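A single structure is presented below for examination.
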Number of protein chains: 4
Amino acid sequence: MPTNLHAWEPLAEQALDAATFGYIAGGAGDERTLRDNSAAFGRLRLVPRMLRGTAGGVDASTTVLGAELASPIMVAPFAYQGAFHPDGEAATAAAAAALGLCMCLSTLANTSMEDVAAASGGGVRWFQLYPMADQALNDEMIARAEAAGYRAVIVTVDLPPYGVRERELHHPFALPADLGLPCIPEKSAAAGSPTPVQTTEMMKLDLDWSDIAAWASRWNLPLVVKGVLSPEDAALALEHGARGVIVSNHGGRQLDTTIATIDALPRVCAAVADRAEVFLDGGVRRGTDVVKALALGARAVLIGRPAAYGLAVAGRDGASAVLAQLISETENALALCGCRTVAEACSALIAPET
Amino acid sequence: MPTNLHAWEPLAEQALDAATFGYIAGGAGDERTLRDNSAAFGRLRLVPRMLRGTAGGVDASTTVLGAELASPIMVAPFAYQGAFHPDGEAATAAAAAALGLCMCLSTLANTSMEDVAAASGGGVRWFQLYPMADQALNDEMIARAEAAGYRAVIVTVDLPPYGVRERELHHPFALPADLGLPCIPEKSAAAGSPTPVQTTEMMKLDLDWSDIAAWASRWNLPLVVKGVLSPEDAALALEHGARGVIVSNHGGRQLDTTIATIDALPRVCAAVADRAEVFLDGGVRRGTDVVKALALGARAVLIGRPAAYGLAVAGRDGASAVLAQLISETENALALCGCRTVAEACSALIAPET
Amino acid sequence: MPTNLHAWEPLAEQALDAATFGYIAGGAGDERTLRDNSAAFGRLRLVPRMLRGTAGGVDASTTVLGAELASPIMVAPFAYQGAFHPDGEAATAAAAAALGLCMCLSTLANTSMEDVAAASGGGVRWFQLYPMADQALNDEMIARAEAAGYRAVIVTVDLPPYGVRERELHHPFALPADLGLPCIPEKSAAAGSPTPVQTTEMMKLDLDWSDIAAWASRWNLPLVVKGVLSPEDAALALEHGARGVIVSNHGGRQLDTTIATIDALPRVCAAVADRAEVFLDGGVRRGTDVVKALALGARAVLIGRPAAYGLAVAGRDGASAVLAQLISETENALALCGCRTVAEACSALIAPET
Amino acid sequence: MPTNLHAWEPLAEQALDAATFGYIAGGAGDERTLRDNSAAFGRLRLVPRMLRGTAGGVDASTTVLGAELASPIMVAPFAYQGAFHPDGEAATAAAAAALGLCMCLSTLANTSMEDVAAASGGGVRWFQLYPMADQALNDEMIARAEAAGYRAVIVTVDLPPYGVRERELHHPFALPADLGLPCIPEKSAAAGSPTPVQTTEMMKLDLDWSDIAAWASRWNLPLVVKGVLSPEDAALALEHGARGVIVSNHGGRQLDTTIATIDALPRVCAAVADRAEVFLDGGVRRGTDVVKALALGARAVLIGRPAAYGLAVAGRDGASAVLAQLISETENALALCGCRTVAEACSALIAPET
């Protein structure tokens, strides 16, 4: 049994064919951002506090847009989970729900949002939207998501175009022929083995802030913008009705050499100034990473690749083991930092110069 | 014969089984803090002074809470030394005493504090307390320590909870069945092979600053708080009656990615402002490391793993060789820095930008 | 087929003899600047902007001294291309022209400027001058260049003397006997197998700013000074009539440990203050590198070694593949940064601290 | 034939026994300063100037305490050269003199100062003094040095005590039985195979600034203090009559983790403020290193190990080849920096942030 999140990657490499593993593991260009997302966490040094009554345990629960989570951890909206394991997104969602975490479901899921809702049960779930060129599709998807109990919609803004992902050039990945994309109307039965690049062709290319504003007012679900790295865009998101932003560089999969997300977080949070909730994904592998993100202003973090690896290796049990381990490490890190609650994780925990 | 402290580690690895070696050598998480404690010393650059009359020798003696030491070096309160060598803590204490150094005895020693006192003879010795949930035990231990000539009590505040130590997950360590924990009442004869995690279960989980204050006033021995990294906690320790603080991250064994102790030292010393004595452990491997700690405000340093390795390899002679080498290197470094006494090691020795 | 520009280097190493490959690949001294030119790009972190209408494509076209290019990329004036492939500079020029890029032809080309003009057709082309001691030669070359449709003259100022290039000491390179230097009058038929050092012997050794001023006023072609790293020299170039400067350290081939070109660019651009066009060469290997150069003030970048490697491996097709890939990556990077045009690439794209 | 100074080290390792090579090559402790002396030069980035009339050659000549040198390079006072090659210091001195450089002769030479003077001929030479406990010896040595045409006396102040040099512990070095120390009265015939540590036993241990002042007034030769790293000590040296200081950490052989000499140079030069000449040794391996030292205020640099390696490999010819190569690289670097003379190498050549 792996003793940390890093250790699931080589197991997943054994469990998957090269193309599928490369699709999950790879990043854009020279993969500098892929590596730097994690390395940037390692560069931050903690200055823990003592004797604050945390030795016996802490309360890591929090809320995201009002919904309660057992720990400030969410499953990132990773596409094509049916290609990683037969149980796909249903397994991941069930694992998240059982642990009290939020499941974010990708537009490009291989499981319908209704089936994922069933697997998720009472668990908190959000739906991630890649806006489609056909506006009717977007409205239809959001209506279905709302009906199926998803509590927020994540609009991803950092794709298309598709990044320069060289692992996919060396080992071309395409959706297996037996898998559909049932969250997208008329793609349920057979998606036709599209490559990731082909999938982007149905997306809305002229997306702009007015779309965000229109959707924020038209849809009932609170809207969260994913893919923000600059404080200016975070402010724009709020001006156009977003209730939250996710600081993300798409896991280093889109534009190589972008700033690491944890390095971008402080300026984004300063721009948001508590007017909305800020989330972060990219490079989170340790409980100390979670605490650092909280300390610098994140409401919660999203976990992508490690959950995908757990799913690939052992289905729901694997995803569950990955998430449980991160929950456990996060509680240990909070306790050792002297934080009784997530609210007590503040910027004074980070050493001023490192 | 090893020519430096680093060289004892591989010898100890040969002398010990994997679980015991892993228990000593390992750190928490990705072991970043374990490595950084030493690396941070290496990043500091010395600017020595010349022609100050040190070529013929220096006086490295000092006092710690009034007790005289031949060199500003103490043996850290490392647990379970009976598992490293049959002579256990008695051997380490004898080595320290013969060299004029202070022995700090762990609550979790396999040798009774009375037997260690006998081995230590006229040597300076301090007792380290992991506060127990049963308050009577704490009072009883301190009374015994005082009776046995220990001159201070170190209260460790950065454990529990136990850190995420993965080497122990891969090679589980438990106290050998024939060893007891005779400093703890009723654990003398047979401790029952507890794992380190199990041992923490008898500890006081709701420890807070009021406990420190109560003990500081009730016990005769001066109280030193171990495990402080933030200036705020150092100030709190003094407010609650502590006579000293040990800047420590538990040798990188508790919370990974904490600040290196030598990097934390200056701000702690600024907060203490000479109102109490400040000590440091973690990563000290060279005489230049000792001088850097002194220059940045430490009264003395504590040596853990290298002493444990020396003990494991060759009992008292090994521990003695390790300590003697560090004493010798410290004198050489002081002389080459132009410091006739430890008091002359000041912050001007450290290059302003490195 | 290589998926990035780095990958052409080992292919070229296979295609060429050691001396020729070493001539192309090598740098001066310990090759620190050679490596740092690329590494410096990697250290810069991008902060992209979102939802700016770039998902469907961007317009990467620009102008250089008034001539239109499809992308802000130029072929650097690399010498001796006939030694890399039989088609030499004609192949490189044809590739550049077909892609809408500018070809810069070296004084030390093995193809005449007229033949390169024919291969280039309507493509933009500049002529690079190593000033000769015999002033009549310089005037004659510029007259021929103007007649052959070259639109600017690049005067290289950072050679002679020749740098300390150790690969050439280990594997001496000399021009093959069957190749001439037909851009230089009377060297067309047979150059006599000179080494690169011997070639410098005919150059003007007492070149100074008055020569630049005299040429700028005498010649019709706009003059661009190549080899500037200091803001002072950039200002002097403008004062003496230059219409542009190329921030260059000769690809790390002249003075080792010079500042990386991308690190030198901001101060040069501040000194130029939009009074002339600033270009950059050295270390550009990715579309993100191109965008970073634009963001910090460059009008366009020049590509040397990668184009030479493409030429060596597969003639015009190889050079074309290299350039096309960089064009494609540049468009992708602009789009992912939220830049609809090259003019929108501004310094706010670069993270303030990295 | 080696193409750079680095390449002589492995050749010397082949030519020498392990103990002798280790004596030359080794540093103190973990050899951090040994490595950092060179690495610090590599971290500095040059910003060269163009079109300043240097393409045809430069004038690298300078003066040191009034004596003319062909290049700002001196041979450092390395001990025991008779153990490296039968011709010892005479070969090194002859090589230096023929190239117009200054030879610094160690107190611990195996060749008499008179024989070295004969080999040096009209060459500039300085005598390095390890002050002896017997004051009469010092006066006698200086009188001999003056009589033999040495033009300055270097007083080394950073030894004793001897540094912690572990290579010498692993491979003990002692002076071969057939070699004497003829610069020291009564040690000419047979020194008795002392180890380096034993040699220190005859040195003056209570040396202080009053000794410097007394010697500076009593001796005719100008006095240069070697081993200064702090600006305070540089100022003290001048106050006590020194005419120059050598910024040195004894080649990383004494106190490990001291500041690199090139990093220490600017503050020392600021303290000296042109009232005396400042020299530097440690880590100089390239012509660019020489230019950087000049740019930051050094009058000249001293070369130790590379000259010793050249001597070990090929006697006078080897030492000469090493020195000639550094002279040549220095001229090339000056020319490529746009410096017509050494006086033109100023701090603006160094990039402000690197």
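So you know, we letter chains A, B, ... as the sequences are listed, proteins then strands, and number each from 1. These figures come from a predicted structure and were not determined experimentally.
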Might you confirm whether atom CZ of Arg52(A) has over 12 heavy atoms from other residues, nucleotides or ligands at distances under 6.0 Å? yes
Name the region of Thr3(A), side chain, backbone, both or neither, that has any atom closer than 4.5 Å to a heavy atom of chain B. both
Heavy-atom contact with chain B under 4.5 Å, split by part of Arg286(A): side chain
Best-contacting candidate, Ala335(A), Gly42(A), Ser328(A), Ala348(A), against chain B by heavy atom pairs under 4.5 angstrom: Gly42(A)
Can you list the residues of residues 157-164 of chain B that sit under 4.5 Å from chain A, counting heavy atoms only? Val157(B), Asp158(B), Pro160(B), Pro161(B), Tyr162(B), Gly163(B), Val164(B)
Classify the ring geometry of Tyr23(A) against Phe84(A): parallel below 30°, tilted from 30° to 60°, perpendicular beyond 60°. tilted
So, does Glu277(B) use its side chain to make a donor-acceptor pair with the main chain of Leu65(B) at under 3.5 Å? yes
Would you kindly say whether Ser71(A) and Glu331(A) are connected by a side-chain donor-acceptor distance under 3.5 Å? no
For residues Ser248(B) and Asp281(B), is any side-chain donor paired with an opposing acceptor at under 3.5 Å? yes
Side chains of Asp139(B) and Trp215(B): is there a donor and an acceptor less than 3.5 Å apart? no
Answer yes or no: does atom CD of Gln198(B) have more than 12 heavy-atom neighbours from other residues, nucleotides or ligands under 6.0 Å? yes
If you tally heavy-atom pairs under 4.5 Å between each of Asp263(B), Asp36(B), Thr33(B), Ile212(B) and chain A, the highest tally belongs to Asp36(B)
If I measure from the heavy atoms of chain A, does Asp211(B) come under 4.5 Å with its side chain, its backbone, both, or neither? neither
With the side chain counted from C-beta on, respond yes when Arg285(A) and Glu329(A) share a heavy-atom pair under 4.5 Å apart, and no when they do not. no
Most heavy-atom pairs under 4.5 Å with chain B, out of Thr54(A), Val47(A), Ile350(A), belong to Val47(A)
With a 4.5 Å cut-off on heavy-atom pairs, point out which of Asp233(B), Leu229(B), Asn249(B), Thr258(B) contacts chain A the most. Asp233(B)
Taking side chain as C-beta onward, heavy atoms only, is Phe21(A) less than 4.5 Å from Tyr309(A)? yes
Got a salt bridge between Arg49(A) and Glu344(A), using NZ or NE/NH1/NH2 to carboxylate O under 4.0 Å? no
What part of Asp206(B) is in contact with chain A, defined as an atom under 4.5 angstrom from a non-hydrogen atom: side chain, backbone, both or neither? neither
